[in-house]
Amino acid sequence: MDKTLTFRSVEEALPGPKWQSLFHYHWPAYAQWYLAEGERERPAYLACYNAMSHHMPELLGTYRQLCELAGGGDLAARLLSLYQPPPYITGCSQAVLTRPGSTLLARNYDYPPELCEGTILYTRWNGRGVIAMSDCLWGVLDGINDAGLSVSLAFGGRKVVGEGFGAPIILRYLLEFCETVPEAAAVLSRVPTHMAYNITVADACERYVTAMIAPDQRASIRRVPVATNHQKKIEWYAHALASETLIRERQLSILVDDEATTEARLIDAFSSPPLFRHDYARGLGTVYTAVYRPREGRAQFHWPGRWLDLSFDHFPEEQIRVRYGVRNLNAG
């Protein structure tokens, strides 16, 4: 059976009616997800607030505004903190290509389309422009800020779950308050995560790192341009096999290591197997391709036959309906 998802580009400088409308639209599904393991499994509001206050205090003002727009309820406030949320598993491939005078961060997001928000938000919540693919109502799957800092996340391929935040809120924190890769690396070294993720970061000065973060070990931050769905070694063999993480990593490594690889060649590779995946039946199909250009402040989103080209000076509010199937995929 085909699945459909409507992507929306939404611009709202400060938290207001547009974000509130998105919250009310997605809230029933998020509330069900958040309580799937039982309410007692989720931390109390005070624990959520104290964790954010301790680790990401600069975000508190925005957090309070969004909680108020969400109606001021206890459950919504706990979910919006993204502190110790339910575990979730994605696919994803991401790579940085640097050439003299230019840097590009490209990624495929592999996930069940019906569970993706599909909202591209352009905000200025803390005086800095941020364009990002939204998750969990204000978290970030990937994005760029007006300083050129670009970020992307991929599941780290490990079953470990611990005390910490969901990666999307950590990426939101990076884009709101960091300008450079060294600043972002410092945050990724200290903010705890509840699951294993691979976070790739690039900036306008041609710097990049991939941070392998997890709740049970110190962050490993290295100048590595490629990340898929494992960390230093394969631990979850069934997921590694199903997601083809090693095959995708090898493909990307060959591409970025080849001096003849152009930006166009790398982007094209994300549109074909093994990077582009049609495994929607198991929730590992490619939902979208994102391309970020830190020096130019541009964000591009791609589906077969359709591009959406955005920047901080050009951000049309549009809707794109995408139909996903095992054998076909098209955008209209």
Side-chain angles (χ1 to χ4, degrees), residues 3-39 41-49 51-52 56 59-88 90 109 111-126 129-143 165-173 175-176 283 287-288 299 301 308 310 315-324:
K3 303 175 181 180
T4 61
L5 173 61
T6 299
F7 287 84
R8 297 173 174 85
S9 52
V10 177
E11 180 178 0
E12 187 174 53
L14 299 176
K18 290 182 182 180
W19 184 89
Q20 187 178 50
S21 177
L22 289 168
F23 171 84
H24 288 307
Y25 178 80
H26 291 294
W27 173 244
Y30 272 120
Q32 184 178 12
W33 165 73
Y34 192 69
L35 298 176
E37 299 176 317
E39 186 171 355
E41 292 299 311
R42 305 279 69 84
Y45 168 73
L46 189 58
C48 296
Y49 184 90
M52 182 171 289
M56 298 183 283
L59 265 186
L60 279 175
T62 304
Y63 172 65
R64 292 192 193 100
Q65 288 178 291
L66 296 180
C67 287
E68 184 175 341
L69 286 171
D74 174 79
L75 190 65
R78 291 155 66 190
L79 185 151
L80 288 171
S81 76
L82 275 184
Y83 181 62
Q84 291 180 236
Y88 46 88
T90 65
Y109 184 65
Y111 198 60
E114 66 273 18
L115 300 181
C116 183
E117 282 182 30
T119 304
I120 305 163
L121 278 177
Y122 176 13
T123 58
R124 290 188 176 274
W125 289 341
N126 294 282
V130 174
I131 296 174
M133 185 66 78
S134 178
D135 186 55
C136 296
L137 300 161
W138 70 308
V140 170
L141 297 175
D142 45 76
F165 293 91
I169 197 66
I170 300 175
L171 266 61
R172 169 62 67 181
Y173 185 48
L175 292 181
E176 295 291 333
V287 181
Y288 66 88
F301 299 90
L308 183 58
L310 305 170
F315 193 92
E317 293 192 310
E318 297 187 24
Q319 293 190 14
I320 297 175
R321 187 170 182 267
V322 182
R323 185 171 72 249
Y324 303 89

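Basis for what follows: all heavy atoms, side chains included, without hydrogens, waters or symmetry-related copies.
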Side chains of Val322 and Pro113: closer than 4.5 Å at any heavy-atom pair?
no
Do Asp135 and Tyr88 meet the criterion of a side-chain donor-acceptor pair at a distance under 3.5 Å?
no
Are side-chain heavy atoms of Leu66 and Leu137 found at a separation under 4.5 Å?
no
With rounding to the nearest 0.5 Å, note down the distance linking OG1 in Thr6 to CZ in Arg321.
6.0 Å
Nearest non-hydrogen partners of Leu79 and Ala31, listed with the distance
CD1-N, 4.5 Å
A side-chain contact here means heavy atoms from C-beta on lying under 4.5 Å apart; do Glu37 and Pro87 qualify?
yes
Parallel, tilted or perpendicular: ring planes of Trp19 versus Phe23, cut at 30 and 60 degrees:
parallel
Can you run down the salt bridge (charged side-chain N to carboxylate O under 4.0 Å, His left out) pairs that involve residues 8-26, sequence neighbours left out, and say none if there aren't any?
Lys18-Glu317
Enter the distance from Phe165:CZ to Ile170:CD1 here, rounded to the nearest 0.5 Å.
7.5 Å
Shortest non-hydrogen pair, Ser134 vs Glu117, comes out as OG-OE1, 3.0 Å
What do the steps show when you test Leu141 against Tyr111 for side-chain contact (heavy atoms from CB on, under 4.5 Å), and what is the final call?
CA-CA 11 Å; Leu141 297 175; Tyr111 198 60; over 6 Å; no
Is there side-chain contact between His26 and Thr119, with heavy atoms separated by less than 4.5 Å?
yes
Taken to the nearest 0.5 Å, the spacing of Leu59 CG from Asn126 CG works out to 6.5 Å
Would you check if Pro85 and Tyr30 make a side-chain contact, meaning some heavy-atom pair closer than 4.5 Å?
no
Name all residues meeting the side-chain contact (heavy atoms from CB on, under 4.5 Å) criterion together with Pro43; count only those two or more places apart in sequence or in a different chain, and write none if there are none.
Tyr34, Ala47, Cys48, Tyr83, Gln84
Rounded at 0.5 Å granularity, tell me how far CD in Gln65 sits from CH2 in Trp125.
9.5 Å
Nearest heavy atoms of Ala70 and Leu80, plus distance in Å:
CB-CD1, 4.1 Å
All heavy atoms of Leu82 vs all of Pro168, minimum pair found to be CD1-CB, 4.1 Å
Any idea which heavy atoms bring Leu69 and Gly16 closest together, and the distance?
CD1-N, 3.5 Å
Output, in order, the C-alpha distance, side-chain angles, deciding distance and verdict of side-chain contact (heavy atoms from CB on, under 4.5 Å) for Leu121 and Trp138.
CA-CA 9 Å; Leu121 278 177; Trp138 70 308; 5.7 Å; no
Got a sec, which residues hit side-chain contact (heavy atoms from CB on, under 4.5 Å) with Glu114, two or more places apart in sequence or on another chain?
Lys3, Pro112
Contacts of Glu39 meeting salt bridge (charged side-chain N to carboxylate O under 4.0 Å, His left out) (sequence neighbours excluded), chain-then-number -> Arg78
Checking Glu41 now: which residues fulfil salt bridge (charged side-chain N to carboxylate O under 4.0 Å, His left out) with it, not counting sequence neighbours?
none
Does Glu318 CD have over 12 foreign heavy atoms under 6.0 Å away?
yes
In this structure, OG1 of Thr62 is separated from CE of Met52 (nearest 0.5 Å) by 9.5 Å
Sequence neighbours excluded - salt bridge (charged side-chain N to carboxylate O under 4.0 Å, His left out) pairs with any residue from residues 22-35
none
Side-chain contact test, heavy atoms from C-beta onward, threshold under 4.5 Å: evaluate it for Tyr288 versus Phe7 and give yes or no.
yes
Parallel, tilted or perpendicular: which fits the ring planes of Tyr49 and Tyr63, with parallel below 30° and perpendicular above 60°?
tilted
Could you give me the CA-CA distance, side-chain angles and deciding distance for Leu308 and Ile120, then say whether side-chain contact (heavy atoms from CB on, under 4.5 Å) is met?
CA-CA 11 Å; Leu308 183 58; Ile120 305 163; 3.9 Å; yes
Any donor-acceptor pair under 3.5 Å from Tyr324 side chain to Val287 backbone
yes
Step-by-step side-chain contact (heavy atoms from CB on, under 4.5 Å) determination, Arg172 to Thr123
CA-CA 11 Å; Arg172 169 62 67 181; Thr123 58; 3.6 Å; yes
